[in-house]
Amino acid sequence: MDLRYFNQTGWTAIFNGTEIEIGRMVRVEAWDPATGAALVVDPKRGAMRPVTDYEDFSHLEKADQVVAAVPGGGWRAHWEDEGPGNTPLTQQVLAWLITSQGRATAITMDAHGYVDDADSADAFIPPGEELGQD
């Protein structure tokens, strides 16, 4: 799960791209009260705009909605080969994001302060345990 798949409305608009713009995913920010169309931010106009106004609009995809966040509680995420030179890497779980579907996604931060989800982790290590303990 990539963090860009989370948003408040629970929907993402998919655009195929045009000759001058590449394909993209854009968060649905709201719904037009009159037409029911999904609205996205148009950064060029500085306004909300219906997805149906874009010639390259393809479809909507369901996104996760975060309904809660809880502290990482001492959990760690471990990757076998994500460290320097494909060495093992272990990072503290800062928080768990809880979605409206009940899914928990671990959020970690690297040494440079970059925050990301840890869904690609090879293992999660509970508090007080070491890797490989049974």
Side-chain angles (χ1 to χ4, degrees):
M1 172 64 56
D2 191 303
L3 289 177
R4 66 183 166 188
Y5 290 106
F6 289 103
N7 68 47
Q8 291 299 320
T9 65
W11 292 94
T12 300
I14 307 299
F15 297 88
N16 292 326
T18 64
E19 290 180 14
I20 57 172
E21 195 162 21
I22 62 169
R24 61 212 179 278
M25 296 172 47
V26 180
R27 287 190 310 233
V28 171
E29 301 291 343
W31 305 97
D32 185 298
T35 66
L39 300 174
V40 296
V41 172
D42 181 340
K44 293 176 185 168
R45 288 187 182 176
M48 299 281 262
R49 197 169 154 197
V51 294
T52 51
D53 282 2
Y54 293 88
E55 66 180 80
D56 65 331
F57 170 66
S58 173
H59 63 282
L60 296 177
E61 288 186 2
K62 197 83 169 115
D64 278 326
Q65 290 175 287
V66 174
V67 295
V70 295
W75 282 82
R76 292 171 289 149
H78 178 78
W79 293 265
E80 292 295 329
D81 58 1
E82 294 292 321
N86 292 332
T87 59
L89 173 69
T90 302
Q91 293 179 339
Q92 292 289 331
V93 172
L94 296 176
W96 297 92
L97 299 182
I98 311 301
T99 71
S100 59
Q101 301 300 314
R103 177 184 163 104
T105 297
I107 303 300
T108 60
M109 182 173 61
D110 68 15
H112 304 288
Y114 181 73
V115 175
D116 201 1
D117 65 78
D119 277 355
S120 66
D122 298 312
F124 289 101
I125 306 165
E129 289 190 19
E130 296 299 320
L131 187 64
Q133 254 186 328
D134 290 329

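Between the side chain of Asp110 and the backbone N or O of Tyr114 there is at least one donor-acceptor pair closer than 3.5 Å. No donor-acceptor pair closer than 3.5 Å links the side chain of Arg24 to the backbone N or O of Ala13. Using modelled atom types, one side-chain atom of Asp56 and one backbone atom of Gly17 make a donor-acceptor pair closer than 3.5 Å. For Thr9 (side chain) and Val28 (main-chain N/O), a donor-acceptor pair under 3.5 Å exists by modelled atom type. Between the side chain of Asp122 and the main chain of Glu80, a donor-acceptor pair closer than 3.5 Å is present.
In this structure, Met25 and Ile14 approach most closely via the heavy-atom pair CG-CD1, 3.7 Å. Nearest heavy-atom pair, Arg76 versus Thr90, reported as atom, atom and distance to 0.1 Å: CB-CG2, 3.8 Å. The shortest heavy-atom contact between Thr108 and Gln91 is OG1-OE1, 3.1 Å. Looking at every heavy atom in both residues, Ile125 comes nearest to His78 through CD1-CB, 4.0 Å. Considering all non-hydrogen atoms of both residues, Trp96 and Ala104 come closest at CE3-CB, 4.1 Å. The nearest pair of heavy atoms linking Trp31 to Trp11 is CZ2-CD1, 3.3 Å.
Considering CD of Glu55 and OG1 of Thr18, their distance stands at 6.0 Å, rounded to 0.5 Å.
The shortest side-chain heavy-atom distance between Val51 and Phe15 falls under the 4.5 Å cut-off. Between Trp79 and Pro88, the closest side-chain pair of non-hydrogen atoms is not below 4.5 Å. Under the 4.5 Å side-chain criterion, counting only non-hydrogen atoms from C-beta, Thr99 is not in contact with Val67.
Under the 4.5 Å side-chain heavy-atom criterion for Ile, Leu, Val, Met, Phe, Trp and Tyr, Met109 and Val93 are members of distinct hydrophobic clusters. Linking ILVMFWY side-chain heavy atoms closer than 4.5 Å, directly or via other members, places Val70 and Trp75 in a single hydrophobic cluster. In the hydrophobic cluster analysis, where Ile, Leu, Val, Met, Phe, Trp and Tyr join through side-chain heavy atoms closer than 4.5 angstrom, Ile107 is grouped apart from Phe124.
When hydrophobic residues (I, L, V, M, F, W, Y) are linked wherever their side-chain heavy atoms come within less than 4.5 Å, the members clustered with Met48 are Leu39, Val41.
In this structure, Asp53 has no side chain to side chain donor-acceptor pair (under 3.5 Å) partners at least two apart in sequence or on a different chain.
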What do the steps show when you test Asp64 against Arg103 for side-chain contact (heavy atoms from CB on, under 4.5 Å), and what is the final call? CA-CA 9 Å; Asp64 278 326; Arg103 177 184 163 104; 4.2 Å; yes
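Geometric assessment of Arg49 against the ring of Tyr54 yields a positive cation-pi assignment under the 6.0 Å and 45° thresholds.
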